[in-house]
Amino acid sequence: MAVERTLSIIKPDATRRNLTGKIIDKFESAGLRVVAQKRARWSQADAEKFYAVHAERPFYNDLVAFMTSGPIVLQVLEGEGAVAKNREVMGATNPADAAVGTIRKEFAESIEANSVHGSDSAENAAIEIAMCFSDGEIVG
Ligand code: CMP
């Protein structure tokens, strides 16, 4: 399987509860490497741009408000099949549907405050990584 990169975001519900280290441990234990990382506080424009694909969804405004409600940690994760592996480690979007041992099963508060975001395809990973990091910030 090819070595890939994917974008990960540790969301405000997780930074608020000081869960950053526990979440990173899940990624590293699954064989993913953190090759870029920064803590940030998104503006409304940042969140609207990142989630523009969901602009027509009923949860969009609440999602933008939530993602700007506190600090986030942006990461690039690298590894074999990183996009799919990260989605496996995160678990289903709705924590009620997430498998035991996944980040969202263990830590998510709700479908909105679900602790982590991960790119859903290699194509979107490339777009999201370019949106959040310059090439020089990624050190593999
Ligand atoms: P994420 O992987 O960041 O992608 C879009 C986010 O919208 C999702 O995780 C959830 O946090 C949030 N969201 C809120 N409500 C819903 C919903 N009903 N279906 C899907 N995503 C939702």
Side-chain angles (χ1 to χ4, degrees):
M1 199 180 287
V3 173
E4 293 178 336
R5 287 177 174 173
T6 190
L7 186 86
S8 164
I9 305 176
I10 301 177
K11 295 187 178 184
D13 67 286
T15 59
R16 175 170 46 79
R17 289 175 289 149
N18 212 20
L19 294 172
T20 303
K22 287 198 169 94
I23 288 173
I24 294 169
D25 181 49
K26 294 273 194 194
F27 296 141
E28 293 184 338
S29 297
L32 292 163
R33 303 181 73 85
V34 179
V35 296
Q37 179 165 274
K38 60 186 169 193
R39 193 172 170 99
R41 177 88 188 243
W42 267 353
S43 67
Q44 179 157 341
D46 292 331
E48 284 177 352
K49 183 176 170 209
F50 186 84
Y51 281 117
V53 64
H54 295 305
E56 303 307 318
R57 307 287 288 274
F59 56 81
Y60 178 68
N61 289 339
D62 285 347
L63 175 61
V64 168
F66 167 64
M67 290 300 290
T68 57
S69 69
I72 58 175
V73 177
L74 298 154
Q75 302 170 309
V76 178
L77 304 179
E78 185 180 85
E80 290 202 358
V83 173
K85 188 174 283 185
N86 182 36
R87 294 182 70 74
E88 211 178 289
V89 174
M90 289 192 300
T93 303
N94 187 345
D97 302 328
V100 172
T102 62
I103 291 170
R104 286 168 170 159
K105 181 69 175 184
E106 265 183 53
F107 301 126
E109 296 181 317
S110 67
I111 192 168
E112 176 178 273
N114 64 354
S115 301
V116 279
H117 165 83
S119 307
D120 64 3
S121 66
E123 293 72 25
N124 283 337
I127 293 166
E128 292 179 357
I129 288 169
M131 225 186 269
C132 299
F133 288 95
S134 64
D135 286 350
E137 291 177 310
I138 304 170
V139 184

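Below, all heavy atoms of this structure are taken into account, side chains as well, without hydrogens, waters or symmetry copies. All residue numbers refer to positions in the sequence shown, counting from 1. When a ligand or atom number is given, it counts from 1 through the structure's own listing order.
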Legend entry - Hydrophobic cluster partners of V83 (side-chain heavy atoms under 4.5 Å): none
Legend entry - Close-range residues for ligand 1, whose non-hydrogen atoms fall below the 4.0 Å threshold: K11, Y51, H54, F59, L63, T93, R104, I111, E112, N114, H117
Inset, instruction - Sequence neighbours left out, what pairs pass ring pair (Phe, Tyr, Trp, His ring centres under 6.0 Å) with at least one residue falling in residues 78-117? - result: F50-H117, Y51-H117
Inset, instruction - Looking only at non-hydrogen atoms, find the nearest pair between V35 and G140 and report the distance. - result: CG1-CA, 3.7 Å
Legend entry - Residue pair E88 / T102: nearest heavy atoms and the distance that separates them: O-CG2, 3.5 Å
Inset, instruction - Determine, for K22 against E106, whether the closest basic-nitrogen to carboxylate-oxygen distance falls under 4.0 angstrom. - result: no
Inset, instruction - Return each pair, listed once, that meets salt bridge (charged side-chain N to carboxylate O under 4.0 Å, His left out) where at least one residue sits in residues 71-80; pairs must be two or more places apart or across chains. - result: R5-E78
